[in-house]
Amino acid sequence: KNKSINWSIFDRNLIEKVIEDHHLPGTLNDYFSEDKKSKFTSMINELFGVHPPLWTILQKTSSTILNLAQVGYVVIVGRGGNIITAKLKNCLHIRLTGNLEDRIIHVENHYSIGRKEAIEFIKKEDINRKNYIFTNFRKQIDDPSLYHLIINTSLVSYEETAGIIGKLAINRFPEIFDI
């Protein structure tokens, strides 16, 4: 048992890890976005060698996520990490959700933007995430069967949420915690 486990979090920086792991040029960073690119634009970019085929990008991202999860002690946010690691026994798949008003306030504060921009940001992010999961995995992002736990952070405080997730992790994987 190890008292000082160092955990790593991969969210927006996951793409940097994919580029590093697969020795890809940093200029590809934009092509890893969850934004839906038009099929025509993607085809032209692939044809002229601007970026590898989108399927290759998905494969490389999935490979990095699997490698990270197999090593352990990581938190992977987004990119279908819960779907990619669904068969691994050392994972917990958690979805955090909240009502729109609470999300707007959070985005306003986190990004220092106005209400209108926050609403547009949330709408765009929600659509991009939903489309990314459906397009690449043929799953619905809000399907409860894809998660061990779903927490509504509008009804459960962040402190309580952390406690619930922590207790679940300790109960599920007592061998990695010094209890």
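Listed by chain and number, the residues in a side chain to side chain donor-acceptor pair (under 3.5 Å) with N90 amount to none (sequence neighbours excluded). Taking the side-chain contact (heavy atoms from CB on, under 4.5 Å) definition, one finds that V77 meets it with D11, V75, sequence neighbours left out. Residues meeting the side-chain contact (heavy atoms from CB on, under 4.5 Å) test with A86, sequence neighbours left out: none. Partners of E160 under the side chain to side chain donor-acceptor pair (under 3.5 Å) rule, at least two apart in sequence or in another chain, are S157. Residues forming a side chain to side chain donor-acceptor pair (under 3.5 Å) with S145 (at least two apart in sequence, or on another chain): D143.
Distance CG/N171 to CG/L92: 10.5 Å, rounded to 0.5 Å. Taking NZ from K139 and CD1 from I133, the interatomic distance works out to 10.5 Å, rounded to the nearest 0.5 Å. Put simply, NZ on K130 and CG on D142 are 7.0 Å apart, with the number rounded to the nearest 0.5 Å.
In terms of heavy-atom proximity, T85 sits nearest to C91 at CB-SG, 3.8 Å. In terms of heavy-atom proximity, Q140 sits nearest to L146 at O-CD1, 3.4 Å. Scanning both residues, T161 and T153, for their nearest heavy atoms gives OG1-CG2, 4.0 Å.
Using a 4.5 Å cut-off on side-chain heavy atoms (C-beta onward), I176 and I170 make no contact. The shortest distance between side-chain heavy atoms of L66 and I84 falls below 4.5 Å.
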Could you walk me through whether I94 and I150 pass the side chain to side chain contact (heavy atoms under 4.5 Å, CB included) check?
CA-CA 6 Å; I94 299 168; I150 300 172; over 6 Å; no

Show, in sequence, the C-alpha distance, side-chain angles and deciding distance for Y132 and I141, and conclude whether the side chain to side chain contact (heavy atoms under 4.5 Å, CB included) test is met.
CA-CA 9 Å; Y132 182 85; I141 196 168; over 6 Å; no

Can you check salt bridge (charged side-chain N to carboxylate O under 4.0 Å, His left out) on R129 and E125, steps first, answer last?
CA-CA 6 Å; R129 288 181 181 136; E125 287 287 304; 3.2 Å; yes

Residues L149, I164; criterion side chain to side chain contact (heavy atoms under 4.5 Å, CB included); working and verdict:
CA-CA 10 Å; L149 178 66; I164 291 166; 3.7 Å; yes

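Sorted by first and then second residue, the pairs that involve residues 144-163 and meet ring pair (Phe, Tyr, Trp, His ring centres under 6.0 Å), not counting sequence neighbours, are H93-H148. For residues 56-87, the pairs satisfying ring pair (Phe, Tyr, Trp, His ring centres under 6.0 Å) are W7-Y73, with sequence neighbours left out. Every pair passing salt bridge (Lys or Arg N to Asp or Glu O under 4.0 Å) that includes a residue from residues 99-116 is listed here, sequence neighbours excluded: E101-R115, R103-D126.
Listed by chain and number, the hydrophobic cluster partners of I113 are L100, I104, V107, Y111, I119, F121, I122, where partners are ILVMFWY side chains within reach of under 4.5 Å, directly or through others. Through direct or indirect side-chain contacts shorter than 4.5 Å among Ile, Leu, Val, Met, Phe, Trp and Tyr, I105 is connected to no other residue. Membership of an apolar cluster is not assigned to F134, as no side-chain contact below 4.5 Å to another ILVMFWY residue is traced.
Not one N or O on the side chain of T97 forms a donor-acceptor pair closer than 3.5 Å with the backbone of N152.
Each of I9, L68, N67 was checked for a side chain to side chain contact (heavy atoms under 4.5 Å, CB included) with V74, and the lone residue meeting it is L68.
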